[in-house]
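Just so we're clear, the structure is a prediction, and the values are computed from it rather than from any experiment.
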Amino acid sequence: RATTASNGLFAGMVHSPSGERIFSALGIRLRPADFGFRLLLCAPSISTTTTPGSQSFVPSFRLDFTTTPNTSSSFKVKRQLDFDGLREAIYEAYERNETDGILQLAQQMDLQAYSPEDIVFASADAVSHNRGKLSGVLNGWMGAHCQSPDPKEGGKLAWDLLEAYEEASTSLELSPNIVTYSLVSSALARSRAHHKSPQQQKYHADLEEIVLKRAARQSKKQGGTKRRKSLTKSKRKHAARRQQQEEDAMDVGIMARDLEKDFQQLFGPDFRVLFETPELLVVSKPSGMACCHKHSTTQGKISKKGTPSFKKRDSQGLPQLEVSLEDALLHKGVPLSTLNPEGRGLVHRIDRGTSGCIVMAKTDETHAHLVSQFFLRKPIKHYHAIVTTSEDLEEEGTVDLTINGRPARSSYRVVERYKGSLGAVAVEVQAHTGRKHQVRVHCAEGLGAPVLFDSLYGPDEETTRTELPEVLVDLVSGGINMGDRSRRKHKTQFKRFFLHAVSLAIPELGIDVQAPLPVWWQDALKHLD
C-alpha cells in the first residue's frame with residue numbers, strides 16, 4: 001500500500017469525496033472509534049542493499065480525525081519514530097535502566113501510533129533477540145499499558161500486544177510468562193473499571209478471564225508433576241468454595257487471622273497475621289522459616305493426623321520445624337492462588353533468615369494485580385537491620401550498586417548506634433528495587449557493614465562464633481531448623497540474622513502494615529552494648 005502513494009496523497013484522500021472508495025480499493029479500512037477515525041500512515045524504509053519485495057513498512061505519522069455531529073472534521077499530526085528509530089530508542093532505554101528504562105520511554109511516546117507487531121520485532125532487534133532481555137522489554141511495554149494516561153485504552157492495547165507476542169513466540173523462541181499475563185490482566189481490569197458501558201465492562205472482563213486461564217495453563221506447564229497435581233486439586237477445592245460462597249454471601253472462607261494462635265503454637269510468637277481480606281493476606285514470617293520448598297523435604301512435614309514432626313526443640317522449648325509458610329497455610333485450609341508454579345500464593349519473597357512482612361494472594365485475580373504492583377515498583381518496603389562496621393557510618397545515604405549485573409537502589413538512615421565493641425549500628429533501609437538479597441548485599445558491599453550474623457555476605461559462622469559473646473550466638477542459633485538439605489546447600493550459615501521486614505505499604509490495595517520486631521531480638525539487643 002505504501003509504495004502506491006506518498007503520505008501527502010494519503011492525507012489528501014481523506015477529504016476527497018471518493019476517498020473512502022479509494023481506500024477500499026487499496027485494501028485499507030477506516031475503523032470508527034469514539035465518533036472519529038484513526039489512521040496509521042506507513043512509509044517504506046528501504047536500504048540500498050534491500051532486495052525487491054523485502055521492504056519493511058513502519059509508522060511515520062499518526063493522524064487523528066475527529067468527527068462529531070454537525071461539526072467538520074479536524075486532525076492533528078504527532079511525529080513518531082520510524083522502525084529504526086524505535087529500535088534504537090528501545091536499545092538505549094534498556095541499556096540505561098532495563099525495564100524501568102522501557103517504562104520511562106513509554107511515557108514519552110504515543111504507543112497507539114505503533115502496531116503491536118512493530119513493537120514486538122523492534123524490541124527483539126534492539127536486544128539482538130536475547131530472550132532474557134526481550135522478556136523484560138516486552139513486560140516493560142505491558143507495564144506501560146497498566147499506567148496508560150488513557151485507562152480506557154490501556155487494556156485493549158495490552159491485549160493486542162499480547163496477541164502479537166504469542167503469535168510471534170515461535171519465531172522468537174520465547175513465550176509470555178506469568179508476569180506478562182499478570183500485567184495484561186491488570187491493564188484490562190483497570191480499563192474495565194473506567195468504562196461505564198456494561199458492554200465494554202463485559203468485553204474487558206471476558207478478555208481478563210481468558211488471560212488468567214492462559215496464565216494458569218502456563219503455570220501448570222512450568223510446574224513439576226507434584227505441583228501440577230496440587231494445582232489441579234486446589235482448583236477443584238476453589239470451585240467448590242466459590243459455589244458455597246455464592247450460596248452464602250456471608251461465607252468468606254477460612255481466614256488465617258482466626259487461626260493465628262494455632263500458627264503461633266507451631267512457629268512461635270513471631271508468627272502474626274497483620275492484614276487479611278478474602279483476596280489476600282499479609283503475615284509476619286518468623287526467622288528461619290522458608291516461604292516455600294522448591295524441592296520436596298521429609299523433615300517437618302505435616303502428617304495426616306495434623307501434627308508436624310520435629311526432631312528437637314530450641315532453648316525456649318519451641319519445635320524446630322521445616323514446614324514452609326506455604327505448607328502451613330494450605331494445611332490449615334487457607335486458600336492460596338495458583339499462578340506461581342513454585343509456590344502457591346507467593347508474589348514476592350523474603351529470605352529464610354529474614355523475618356517480617358510478606359503479602360500472599362488468595363485468588364488468581366489478586367495475584368496478577370499484586371505481581372503488577374511489584375513490577376511497577378509501587379510497594380513501599382522498609383527493613384530494620386543491625387549491621388556491624390569498623391568505620392563511622394553516615395547518618396543517611398543512598399546505595400546504587402548493581403546486583404548480578406542489574407541496577408539496584410536502596411536508601412538508609414541510622415536509627416541507633418550501640419556502644420559495645422562489636423561496632424553494631426541499627427539502620428532502617430528502604431529497598432527501591434527488588435533484587436535477590438538486595439538489602440544484605442547493599443549493607444555488606446555498599447556500606448561495608450554486613451548484617452550481623454549474615455554468614456553469606458559477612459564473616460563465616462566459625463569466625464563469628466569465636467568473636468561474639470556466647471549468649472548472643474545461642475539466641476541467634478535457636479528458632480526454626482533449616483533442615484539437613486538446606487544445611488548441605490548453605491554449609492554452616494546461621495538459621496537467622498538481624499534483618500527484619502518492618503513495614504509494607506501497597507496503597508492501591510489498601511495495605512499499610514508494620515511488623516513488630518521479633519521476640520528474640522529484644523533479648524539479643526541487650527547484649528549489643
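- Two residues are said to be in side-chain contact when any heavy atoms from C-beta on lie closer than 4.5 Å; Thr277 and Thr366 fail this criterion.
- No hydrogens or angles considered: a donor-acceptor pair under 3.5 Å links the side chains of Thr338 and Asp364.
- In this structure, Glu428 CD and Glu396 CD are separated by 11.5 Å, a value rounded to the nearest 0.5 Å.
- Taking 4.5 Å as the limit, some side-chain heavy atom of Arg413 sits within range of a side-chain heavy atom of Val415.
- Between Ser337 and the options His367, Lys362, Glu279, a side-chain hydrogen bond (donor to acceptor under 3.5 Å, both in side chains) holds for only His367.
- Every residue meeting the side chain to side chain contact (heavy atoms under 4.5 Å, CB included) condition with Ala515, not counting sequence neighbours, appears here in chain and number order: Leu274, Ser284, Cys357, His500.
- Side-chain contact between Arg192 and Glu208 is present, with heavy atoms from C-beta onward closer than 4.5 Å.
- Side-chain atoms of Thr433 and Gln438 form a donor-acceptor pair, as typed in the model, at a separation below 3.5 Å.
- For the atom pair NE2 (His145) and OG (Ser186), the distance works out to 13.5 Å, reported to the nearest 0.5 Å.
- In the displayed structure, Glu95 atom CD is contacted under 6.0 Å by more than 12 heavy atoms of other residues, nucleotides or ligands.
- Residues that satisfy the side chain to side chain contact (heavy atoms under 4.5 Å, CB included) test with Ala168, not counting sequence neighbours, are Val120, Phe121, Ser171, Leu172.
- The distance from the OG atom of Ser503 to the CD1 atom of Ile380 is 8.5 Å, given to the nearest 0.5 Å.
- For the atom pair CH2 of Trp521 and CD1 of Ile386, the computed distance is 5.0 Å after rounding to the nearest 0.5 Å.
- In this structure, Phe263 and Leu329 have side chains that are in contact, with non-hydrogen atoms separated by less than 4.5 Å.
- With sequence neighbours excluded, the residues that form a side chain to side chain contact (heavy atoms under 4.5 Å, CB included) with Glu508 are His369, Gln373.
- For the side-chain hydrogen bond (donor to acceptor under 3.5 Å, both in side chains) criterion with Tyr457, the lone passing option out of Glu445, His442, His437 is His437.
- Using a 4.5 Å heavy-atom cutoff, the side chains of Leu212 and Tyr181 are not in contact.
- Listed by chain and residue number, Arg214 satisfy the salt bridge (Lys or Arg N to Asp or Glu O under 4.0 Å) test with Glu163 (two or more places apart in sequence, or in another chain).
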| task | Take Arg190 and Glu153 through the salt bridge (Lys or Arg N to Asp or Glu O under 4.0 Å) test and state the conclusion after the steps. | result | CA-CA 10 Å; Arg190 182 170 179 252; Glu153 292 290 333; over 6 Å; no
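- Ion pairing of Glu260 with Arg272 is absent here, as no side-chain N (NZ or NE/NH1/NH2) approaches a carboxylate O to less than 4.0 Å.
- With sequence neighbours excluded, the residues satisfying side chain to side chain contact (heavy atoms under 4.5 Å, CB included) with Thr180 are Asn139, Met142, Leu162, Tyr165, Pro176, Asn177.
- Taking 4.5 Å as the limit, every side-chain heavy atom of Asn340 sits out of range of all side-chain heavy atoms of Ile178.
- Remark: Glu394 engages no residue in a salt bridge (Lys or Arg N to Asp or Glu O under 4.0 Å) (not counting sequence neighbours).
- Two rings, from Phe498 and Trp520, have their centers less than 6.0 Å apart.
- Contact of the Ile506 side chain with the Leu370 side chain is registered, since non-hydrogen atoms from C-beta on lie closer than 4.5 Å.
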| Worked verdict on Glu326 versus Arg344 for salt bridge (Lys or Arg N to Asp or Glu O under 4.0 Å) | CA-CA 6 Å; Glu326 174 198 17; Arg344 297 271 300 282; 5.5 Å; no
| Hey, mind stepping through Arg96 and Glu92 against salt bridge (Lys or Arg N to Asp or Glu O under 4.0 Å) and telling me if it holds? | CA-CA 6 Å; Arg96 182 177 64 252; Glu92 293 174 0; 5.7 Å; no
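- Atoms OG1 and CD1, on Thr99 and Ile102 in that order, are 8.0 Å from each other to the nearest 0.5 Å.
- Heavy-atom contacts from other residues, nucleotides or ligands closer than 6.0 Å to CZ of Arg131 number 12 or fewer.
- The two atoms that bring Pro450 and Gly458 nearest to each other are CB-CA, 3.8 Å, heavy atoms only.
- Here the shortest heavy-atom pairing between Arg435 and Ala408 reads CG-CB, 3.6 Å.
- Contact annotation: the side chain of Val211 approaches that of Leu188 to within less than 4.5 Å [non-hydrogen atoms, C-beta and beyond].
- Within the model, atoms NE2 of His348 and CE of Met360 stand 8.5 Å from one another, a figure rounded to the nearest 0.5 Å.
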